[in-house]
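Positions are given from 1, in the same order as the sequence printed here. Bear in mind that the values here come from a model prediction, so they are computed numbers and not experimental data. Every heavy atom of this structure was used, including side-chain atoms; hydrogens, water molecules and symmetry mates were not.
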Amino acid sequence: MDEYQHPLFFEANDLTDKEKEKIRRYFQKRRESGGGECGMIETTGDNTYKICFRNREDQEGVLKRKKHTVTLPSRELHLTVKTSSPQTSDPLSAQTFTKTNTKGLEKIFNLDIYLMNYLRDNSKAYKLLEKQLSAIGCSVELDFNQEEAVVRGDIEKGPGRGFGAAEKWEIQVDRVFIGLTDSYVCHHVLDPKQIRVLEQDSSFASDDIRVYKEFGYSVVVGEVGALNERIANLEKRVTIRKDIPVVEKKLKLVNEKFMKEMHANYPDVKIMITNVVTLEGPEKEVQSGARKLDELINHVKEKRLNLPIELITFLKSSGAITKYQARFQLNLRNPVSLELEPDLVLTSLSSDALDEAEAAIIRDLTVDTVELQGAAAVPQNVDRVKEILTKAKDKENSRELRVETSFTPRTSGKFVTKVQLVGYSENVRKLKEVLHDYQMNHVATQEMMDLSPDLVDCFDKVLGLLEVKQTEVTLKASKTPRPHVLVSGPRCWVQEAQRNLRTSLASLKSDTLVLDGSGAQRFFQAEGRTNMELVETACKVIIREGKCVLSPNVTTRPRSISSSRTISCRSLQMPRTKLEIKIGSLEDQKVNVLVAPMLNKNLTSTKIGKCLSVKVVAGTTIRNNFHLMAAKCTLQPGDVMQVDAPTSLGCSKIFFIECLPWDGVRGQSVQALASGLKRCLDLCVQQGCSSVAFPVIGPGLVLKYPLREAVEVLTETIRQFQLSASSGSLSTIHVVIKPGYANAEECYHDVYRLLSLNMTQGGQVIFRSISTDLDEISMTVEGGVKLTLVFGDITNETTDGIVNTTDFVNFNDDGVCKDILTVAGPEIEAQLQRAKVNQGEVFATNPGLFPCKAILHVCGQRDAGVIEQLASKIIHHCETTKLKSVSIPAICAGAGEMDPVVVAGAILQGIKTITSSTALYCLTDIRLVLFKINVFLAFKEKAMQMFPTAVIDKVSASQMPHVQQQQPTANTDLSVIFTSSANQQSVFHFLGFTTQTVENAMTKLKDLYRAQCSRQTLTQEQLESLTQDDIEDLKQLVETQGLYMQRDQSGQGILTVRGLKDGVSLVMQMVNGFQQGSLIREMRVRDEDELYLRVAWCILGCNGNWERLPKTANYDLENNDASGEMVDARGNSWSVNLQAMEATRRQTGQKTKLKRLENHPDFTLPLYWDNMTASETTKVVVLQPSSAEYQTVKEAFKRTVKKTVTKIERVQNIHLRRAYEALKKQISDKTKLENGGEKLLYHGTSKDNCSSIMNTGFNRSFAGQNATAYGHGTYFAVDASYSANPTYSIPAADGSQLMFVARVLTGTYTVGRSNMKVPPPRDNQQPDDRYDSLVNNISTPSMYVVFHDSQAYPDYLITFI
């Protein structure tokens, strides 16, 4: 840079960039080096460097120090700096002029110290200097301390006087010293080899040449000419040897040019080439030669040709590389090297030479492929091709390898062989012409010609008709891959044969004959076959059988079934829709449609909408689509907005229902919600959707529906939809319950209970099945042990062993322990209080009052390890004490508050360990009874992971279609016959040379068939007694015989049957037989109907409800005629044991109970009651804790009451129930409410009043005993917790309490007041039309008040503590 103008030079060996920067920082520090601000260090020659300073003072400060020492990371560097290059340093480095007086002059020169030493040591040189200065009147003094030469003079004695004498004097002095420095040179010898030569050669120094030795270097001083000659000789005496590794192919390219350069410029350097290039000679020349070689190598250019592998192989085998190498050496200005590695690599000093070489190679060489197809590719023809091609190839390769060939057959499909030609383009072209000539003129070939599908099967006959003789060319018809004829032979003959065949086929005439009934074809395929062949021969035609078609005068329609008749199981349509209760999030359901609520067209107004809007992948699309649709429409409450769903969500549509917050049972909110739900179901059917998922809409913070009301609206809407018979394509309905909420379990039980009740309607199954994510899961684990996961209450279990989880201290805290001990009784609790149980041990007691054989008490210590050991010990204890089954709760997952996942893993691992390591001969059934949804799901997931190979059985309520009795009716559906082959017609296709011959053949064939046929008419009397099964049998016979049936047009009968004589006779025999059997069936039907009114045989369904058996099964059981099998209303077949009153399902071996109810003349017993004799009017039945009826009542009670149920009794009072049912019909007719708004409500009572209520019912005369806040009537509570208050359920002496579960006809209601003795009128204009009941709150009633004694029926009595 221009700002750094004061250079200094120094020598050093091979400095790195980091070392240069270290030295520069040293010269920047004035305290260390005497320097200051300086630039970067530059390289000026071999081991010679320059650094420039901004200020002259800094330069001089560095020069004042003789030596500079710089410490580097790898060494210590000693530097000597000069104002010129160290090897030719300028002895005169600086000068100063000072006037001491007016006559005396003085000038100081900064001389190189070695030049001063030379002047001192060489008297001849010094005297010469003195003589030159004396001539101008000057003297000189050498100051070795300051490295200065001081020149003094006198103006008076000088050559010039007067003005300007001092300047003239200075000029003359400068000339003397410039001459001095031009005459002598100080040469620094830094090379150690040269230093050793100086030390060993004493003749090097002389009087005129002096050598001064310093540490690490030497300085030679003398006259310029003599010194330069000595230095040149010195350098020549010091030689070096340098090995330079070079890639051989690159060396060949640069060798000639390199040799010329070296011989011209460095003749003293010896060059040897082996696997490396060795240079030997003077160091400078060797180094220069090495740099020149490197420069040439770096100019070598490379081009890589990506040739096909076949060409690469050819280049290797043909020796073409050597030929191209020699060719390029002669023809190109710069040589080009070729090498295979594995691509072909070209290298040269010239890009143009590389381009020319590449073009030549690509032009000269080629790879080509010829496909031999058809006959040419058949193995025998391929051999011929090889023979011909080999001769041609040998001719081309006669002098050198010019072309190669290879054959590659295709391994599958039609015959195709690829011939590959590789080599010089000219030779490849010649062989390709040989192949082309063979395929065009010599090879046998096959050509495909499209053919009419009707002619394929009879093509041989067509050839015979055309009198085609197959000689050189063969013709073969085929249907695949499309109808065609394959023409095979020499290519030239094949083309001519195709032309002739097309012309002949185009000249043929065709026509079609249609005969009534499919029997015509059957006749001509069997006994009439010979006659048809005679027609073909006589008329010279071809006759082909076509596909049978329906008669054009028959209108097909779907089969309708009259509601006034019953039909067999095989002719009924099965219920299509399945119900599934899913535990999880709505947005995770994989269905066609999701249903979600909203308020005021706001997506995020409900929690479901918020969850949909924030889905990671789909959320943005849902928001955009929602807002787009919302902007286009105006919605009223109950309307539905359809939004397209992104594919990542797993559904195609989301239906948003515009809802209203809760405003009462009869308010607009319920109507809007019901309307919206129904609209969603209708839309699913209209759009062909097969599945939909509903949440339980309402019981949240936004809409605020009572849970029970929300569930009832949803389940009732689904039921009504299915009853409408409009389910269409909708096969699956999901009801989704989100776990983790406080009322999730209650919601599940309500949904399942109501959907189960809706499975049938009037004895008819309306849903195919109901299943849930909480269905029992059974799996067979190690040793054949059955492991079952049960969602339920352990106090309902009836296994041999019951496991109680307790801390052996607190027995009255709510939970499993309290429930089990309440049932077992105080004796068991007393045993536990006295027990001393070690940690991790199982303490067994007798069962007390609990219906089992033993109770096993354990303490989990809230420790997974302890729980795992306890699970194993429980199984071991059961085996050793010969217990066959055991029920285990989720130890410590309830009151222990442990993570259900941890508990599940511990218990299941304990079970797995003991079952896999110990043979179990007695214990066969392990039941894990889980009370909470999240606990059940955790156990279910862990069980699937831990027992992946177990045999899984999901126990659910599978539903089948209802089966009704078979009876004759005048409305028998005959359309089944007209949609069958009974209306089919036989089709025959004719082909001949002329229209006349075809028509003659058609007439002859028609006459042949008609001669074998007859016709009969079926009258109204003959058909009116046929059942639908008879019609099915008649249809089957008609199809078998190939007859033709149609409606009679003469007015004499209903049906006309035509066809072969034997078939028509069989039909008439069958119809006569049906008439004889009709009378027997009618008598049986009358008997079944009469019995059905008196006696009801029932079967216990898998959902725990009693179901009435169909009339046929009812009749067979009553007459002890069920020895074969009995079919229930769901279509399931059962074998019956009347002595044990049991039935066993044939498909699964499942056992269930039977019972017989005998109705009173004036009263029909409800199906869930036990039988009552004619003399009984009241009966109290104690329910078994293991029964589904007991569990249903208990679960509803315990949703709001934490106390323990000890007994449940069913009240059967015929007089009370008869009056209740009569009032129900009256209220239903008046209010149009189904079942008169019947609800199951609670009423607390005392032991004294209990008997009176069971015998005479609820008496409103006692109103006011507890309160009359809402009227003077009988009070019933929605929640059992209200009635459980001791004020209403008055405790007995033993602490037990009583509560009735009552059926109450709430009808229409309003808010009551304390002074009301009857409900107020519904309309002031109609004072006699009153509300049916009163409530405490119209929107969310928790209390109902009725004023009619028959308006409530005491259904169950619960005893609890």
Side-chain angles (χ1 to χ4, degrees), residues 637 660-674 704-706 708-710 712-713 716 1216 1219-1245 1249 1253 1256-1279 1282-1283 1285 1287-1288 1300-1355:
L660 289 173
W662 172 255
D663 60 357
V665 176
R666 300 293 172 250
Q668 291 185 356
S669 61
V670 171
Q671 298 175 18
L673 178 57
K704 299 181 180 178
Y705 277 57
R708 196 165 298 171
E709 298 295 339
E712 286 182 358
V713 172
E716 179 61 19
L1216 294 180
Y1220 174 82
E1221 293 295 336
L1223 185 58
K1224 179 195 290 188
K1225 185 177 186 308
Q1226 178 184 339
I1227 293 176
S1228 299
D1229 293 343
K1230 181 188 75 171
T1231 63
K1232 307 303 180 183
L1233 292 174
E1234 186 177 2
N1235 294 324
E1238 182 182 76
K1239 297 183 184 298
L1240 291 176
L1241 303 176
Y1242 297 95
H1243 183 88
T1245 187
N1249 294 334
I1253 292 175
T1256 62
F1258 298 102
N1259 192 336
R1260 59 177 173 154
S1261 302
F1262 295 101
Q1265 284 187 347
N1266 294 317
T1268 58
Y1270 304 105
H1272 293 264
T1274 305
Y1275 283 66
F1276 297 91
V1278 173
D1279 294 327
Y1282 187 92
S1283 299
N1285 190 304
T1287 303
Y1288 312 117
F1300 278 106
V1301 179
R1303 295 179 181 269
V1304 182
L1305 302 173
T1306 61
T1308 59
Y1309 50 80
T1310 186
V1311 176
R1313 293 194 299 273
S1314 60
N1315 61 346
M1316 290 182 175
K1317 294 186 177 181
V1318 293
R1322 294 198 297 174
D1323 186 347
N1324 291 331
Q1325 303 299 322
Q1326 299 179 13
D1328 294 332
D1329 182 13
R1330 299 179 179 274
Y1331 285 99
D1332 301 296
S1333 60
L1334 300 176
V1335 296
N1336 61 330
N1337 185 307
I1338 192 66
S1339 60
T1340 55
S1342 62
M1343 185 72 63
Y1344 289 84
V1345 186
V1346 298
F1347 296 86
H1348 194 295
D1349 291 343
S1350 297
Q1351 201 170 344
Y1353 175 79
D1355 213 12

- Message: Could you measure the distance from the OG1 atom of T1308 to the NZ atom of K1232? Nearest 0.5 Å is fine.
- Response: 13.5 Å
- For S669 and D663, the nearest pair of non-hydrogen atoms, with its separation, is OG-OD1, 2.5 Å
- Rounding to 0.5 Å, atoms CD1 (I1227) and CD (Q1351) come to a distance of 4.5 Å
- Query: For A1277 and S1283, which heavy atoms make the closest approach, and how far apart are they?
  - Reply: CB-OG, 3.4 Å
- Query: Can you tell if the side chain of D1355 reaches within under 4.5 Å of the side chain of F1300, non-hydrogen atoms only?
  - Reply: no
- Test side chain to side chain contact (heavy atoms under 4.5 Å, CB included) applied to Y1353 and L1305, step by step: CA-CA 9 Å; Y1353 175 79; L1305 302 173; over 6 Å; no
- Message: I'd like to know if the side chain of H1272 reaches the main chain of S1314, judged simply by a donor and an acceptor atom lying under 3.5 Å from each other, with no hydrogens or angles considered.
- Response: yes
- Query: Which value, rounded to the nearest 0.5 Å, describes the distance between E1221 atom CD and E1238 atom CD?
  - Reply: 7.0 Å
- After noting the C-alpha distance and the side-chain angles of E716 and E1234, does the key distance pass the side chain to side chain contact (heavy atoms under 4.5 Å, CB included) rule? CA-CA 11 Å; E716 179 61 19; E1234 186 177 2; 3.3 Å; yes
- Please lay out, stage by stage, how R1303 and L1240 fare under the test side chain to side chain contact (heavy atoms under 4.5 Å, CB included). CA-CA 5 Å; R1303 295 179 181 269; L1240 291 176; 3.7 Å; yes
- Message: Is it the case that atom CG in D1229 sees more than 12 heavy atoms from other parts of the structure closer than 6.0 Å?
- Response: yes
- Note on the structure: Output for pair (S1333 OG, H1348 NE2), nearest 0.5 Å, gives 13.5 Å
- From the list V713, T1340, D1279, side chain to side chain contact (heavy atoms under 4.5 Å, CB included) partner of R708 resolves to D1279
- Item | Test item: side-chain donor near acceptor, N1336 and S1342, under 3.5 Å | yes
- Query: Applying the side chain to side chain contact (heavy atoms under 4.5 Å, CB included) test to V1346, which of D1332, V1304, L1241 qualifies?
  - Reply: V1304
- Decide yes or no for T1310 and L1334: does some side-chain heavy atom of the first lie under 4.5 Å from some side-chain heavy atom of the second? yes
- List the atom of M1343, the atom of Y1282, and the distance in Å for their closest heavy-atom pair. CE-CE2, 2.9 Å
- Task: Please check if atom NZ in K1225 has more than 12 non-hydrogen atoms from other residues, nucleotides or ligands closer than 6.0 Å.
- Result: no
- Ring-ring centroid check F1276 F1258, cutoff 6.0 Å: yes
- Task: Using the side chain to side chain contact (heavy atoms under 4.5 Å, CB included) rule, take E709 and W662 through it: C-alpha gap first, then chi angles, then the decisive distance, then the call.
- Result: CA-CA 10 Å; E709 298 295 339; W662 172 255; 3.7 Å; yes
- Distance from T1306 atom OG1 to L1233 atom CG, nearest 0.5 Å? 7.5 Å
- Interatomic distance, OH@Y1309 vs OH@Y1270, rounded to 0.5 Å, equals 14.5 Å
- Item | Nearest non-hydrogen partners of A710 and Y705, listed with the distance | CB-CB, 4.1 Å
